Amino acid sequence: MEQSYTQYLFFTGKGGVGKTSLACATAVRLADQGKKVLLISTDPASNLEDVLQTPVGEQIQVHQKLPTLFTINISPDVSANEYRERVIQPMMGLATESEIKKVKEGLSGACTTEIASFDEFSRFVTGEGTEGSYDAVIFDTAPTGHTIRLLELPSAWDDFLENNPGGASCIGPSSALKSSKERYKKVIQSLRDPQLTTFYLVSRPEKSSLKEAAKTSVELRDLGFENQKLFINGVFKALDQTDSVAQRIEFLADKQLHKIPIALQHLPLQTYPLLPYNVLGLRKLRSMLDQVLQSQIVAEEMASSPHNLYHLDSIRDLVDSLEEHGKTSGLIMTMGKGGVGKTIAAATIACLLANRGHRVLLTTTDPAAHINDFLSQLDRIPDNLQVERIDPKVETQSYIQKIMLQKGVNLDENAKNLLLEDLQSPCTEEVAVFHAFSKAIHSASRQFVVMDTAPTGHTLLLLDTTGSYHKEVLKHSSLSATKIRTPYMALQDKEFAKIVLVALPETTPMREAADLQEDLRRAGIEPYAWLINQCLSALPQLKDPILKKRASAEGAIIDQIQTKLAHRTFGIPYLTEELVFRELLGV
């Protein structure tokens, strides 16, 4: 029986689980049925263009080969610029130049980028951002933590504006958000209506991925979004029962499918197989939801499956290079798109350094932090390894208390209440996270600090805040520029900061890491090394044709990374042990 769809479809989940593939496959299926479909990416590190193999930009475009499918990327920077224009335009000719300048300064922060993204997103739900109506609007969202933050924004700003009508610290957002209040209310009502909206929680048959899907399900329900379905992607079934690696991968997947978290057990469930090919282009996207076509393509792909063994220096070799020349301190940051293994890479590097006697701080800026999932596999954490998380909620409360102590000490009760109200702004969270980020960087002058960052797009937004802070310090400081060292300058110091780009040996993750590398270079930050995770081509004993096919495709990717993209390249073989972190550490 043909599946029915609501008008608004949200695909969300941990990075790397296949949200984009399933969102695109669903969009193509509906467009093939003659429906007019708009596919929107809210992920700053979107790869819609790669998957659909058609130009996708910041304006709505029709697919080159499918005339009923339309696409757009919501770019945070573009959204913020357009939002600023909408705020400032009505003031032209009415306000003084200095007043307009003050508003522009109020609109320069990261919170403006955040609320502008939601403002743009909301226009597509209400139809204001489109020309004409669509039968289906599909959202391919950013990794989970940032999607939840996006959906929390309307109520957060609503509460703030109710309690702080002046909006002193957020003059840009508060001056424009009031007029959008009814629209935001309408958006949330639409998202809560099960006849209009469905949330698809996409996961892999892996413990951390399912755990995050369960957490997301609860958070969405708390926000009133009840209409949810669970998609588990990449379920592997061995074709060669004599292949011990294949058997192990299938066993671990089956084990997780039988241990689905309680929060997900009531949801309608659909599984999708691990395929021996990258899902790129219309034909392969159609195959995700068409078993006959899928079988044809699998047969074509299996006709030739050479398996060439590939050797890369290990993560232990990477740690050797990080402590060369007697180094005992410095900043090490793992960066990349969600789902490529940044967290396990950061945790492994930190533990290996600690096991060698170094003082190490392991921290994360990722809202969906999973560091403790790996560390819990150890019998004990080394005494010289400190573990912390830059938790936005905790950091915000700490920052508010600090400011109240610093600035509220000589204020009367009324002024203190006004200051406290002002600090309840959602903008405060961005400032608090930046301060915690800066503090961690500063501590790397006396120990190793290993930082697991948020997925690509959101890391770049944090770095953009860091750059803006750097400019402000230089502009207002009376000190010579040679005597100032901002966090931004620390990241540009190649001796002090080592950026490790983590990728998978697949075309799209490689291209995304290469794009991130170019963004970093434009900011004057040079990556130290690439770490390629989950390399099937490093396993000598493969027999299963699906695994051999996937392994054979890795060689060209690794060659390109080594010869054209990276100064140094290291690898992690595909690990089939349940406790992969222990395996990496050799314990």
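On a predicted model such as this, the values are computed, not experimentally measured, just so you know.
Proximity of Pro273 to Gln294: side-chain heavy atoms (C-beta onward) are separated by under 4.5 Å at one or more points. Looking at Asn233 and Val17, their side chains never come closer than 4.5 Å, going by heavy atoms from C-beta outward. Under the 4.5 Å side-chain criterion, counting only non-hydrogen atoms from C-beta, Asp313 is not in contact with Leu318. Between Val28 and Leu289 there is no side-chain heavy-atom pair separated by less than 4.5 Å. The closest side-chain heavy-atom distance from Ile525 to Gln492 is below 4.5 Å. When side chains are defined from C-beta on, Cys351 counts as touching Leu378, because their heavy atoms get closer than 4.5 Å. Counting heavy atoms from C-beta on, the side chains of Val245 and Asp544 never come closer than 4.5 Å. With contacts defined as side-chain heavy-atom distances shorter than 4.5 Å, the pair Leu39/Ser41 does not qualify.
Using a distance-only test at 3.5 Å, with no hydrogens or angles considered, a donor-acceptor pair links the side chain of Gln247 to the main chain of Gln241. Distance alone, capped at 3.5 Å, places no donor-acceptor pair between the Arg550 side chain and the Asn278 backbone. Without hydrogens or angle criteria, Asp243 side chain to Lys543 main chain gives a donor-acceptor distance under 3.5 Å. At least one donor-acceptor pair closer than 3.5 Å links the side chain of Ser287 to the backbone N or O of Lys284. Side-chain N or O atoms of Glu554 include one that pairs as donor or acceptor with a backbone N or O of Ser537 at under 3.5 Å. In this structure a side-chain-to-backbone donor-acceptor pair under 3.5 Å is missing from Lys259 to Lys207. Judged purely by atom type and a 3.5 angstrom limit, Glu301 has no side-chain atom pairing as donor or acceptor with the backbone of Lys549. Here the side chain of Thr364 pairs a donor or acceptor atom with the backbone of Asp452 at under 3.5 angstrom. Lys19 places a side-chain N or O within 3.5 Å of a backbone atom of Gly13 that can act as its donor or acceptor partner.
For the residue pair Thr26 and Tyr200, no side-chain donor N or O sits within less than 3.5 Å of a side-chain acceptor on the partner. There is no side-chain donor-acceptor pair under 3.5 Å between Ser21 and Tyr272.
If you take CZ on Arg204 and CD on Glu212, they are separated by 14.0 Å, rounding to the nearest 0.5 Å. From Tyr574, atom OH reaches atom CG of Leu539 across 9.5 Å, with rounding to the nearest 0.5 Å. Distance CG/Leu501 to CE/Met333: 11.0 Å, rounded to 0.5 Å. Between atom CG of residue Asn533 and atom CZ of residue Phe570 there is a gap of 14.5 Å, rounded to the nearest 0.5 Å. Rounded to the nearest 0.5 Å, atoms OG1 (Thr563) and CD1 (Ile558) are 11.5 Å apart. Taking CG of Leu257 as the start and CD of Glu206 as the end, the distance is 10.5 Å to the nearest 0.5 Å.
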Going through the checks in order, is the side-chain contact (heavy atoms from CB on, under 4.5 Å) test met by Ser314 and Asp317? CA-CA 5 Å; Ser314 71; Asp317 295 317; 3.3 Å; yes

Assess whether side-chain contact (heavy atoms from CB on, under 4.5 Å) is satisfied between Gln53 and Leu282, documenting all intermediate values. CA-CA 8 Å; Gln53 295 188 341; Leu282 292 179; over 6 Å; no

side-chain contact (heavy atoms from CB on, under 4.5 Å) evaluation trace for Val360 with Asn384: CA-CA 6 Å; Val360 183; Asn384 51 332; 5.7 Å; no

I'd like to know whether Phe236 forms a side-chain contact (heavy atoms from CB on, under 4.5 Å) with Leu547, so could you lay out the CA-CA distance, the side-chain angles of the two residues, the decisive distance to 0.1 Å, and finally the verdict. CA-CA 10 Å; Phe236 177 70; Leu547 298 185; 3.9 Å; yes

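Nearest heavy-atom pair, Val319 versus Ile349, reported as atom, atom and distance to 0.1 Å: CG2-CA, 4.1 Å. The shortest non-hydrogen separation linking Ala346 to Val450 is O-CG1, 3.4 Å. Taking all atoms of both residues into account, the shortest heavy-atom contact from Ala347 to Leu362 is CA-CD2, 3.9 Å. Residues Phe496 and Ser445 share a closest heavy-atom pair of CE1-N, 3.9 Å. The two residues Ala503 and Pro509 come nearest to each other via the heavy atoms CB-O, 4.2 Å. When every heavy atom of Val449 is checked against every heavy atom of Ala440, the shortest pair comes out as CG2-O, 3.6 Å.
With respect to Asp320 and Arg356, a salt bridge is recorded, a charged nitrogen being found less than 4.0 Å from a carboxylate O. Ion pairing between a basic and an acidic side chain is recognised when a charged N comes within 4.0 Å of a carboxylate O; Glu518 and Arg521 show such pairing. Remark: Arg511 does not engage Glu49 in a salt bridge, criterion side-chain N to carboxylate O under 4.0 Å. Ion pairing between Asp254 and Lys237 holds under the 4.0 Å rule for side-chain N and carboxylate O. Using a 4.0 Å cut-off between charged nitrogen and carboxylate oxygen, Glu300 and Arg283 count as a salt-bridge pair.
The residue from His567, Gln517, Gln562 that alone fulfils the side chain to side chain donor-acceptor pair (under 3.5 Å) condition with Trp530 is Gln517.
Heavy-atom neighbours of Glu324 CD from other residues, nucleotides or ligands within 6.0 Å: above the threshold of 12.
Using the six-membered ring where Trp is involved, His358 and Phe448 have ring planes that are perpendicular, over 60° apart on the 30 and 60° scheme.
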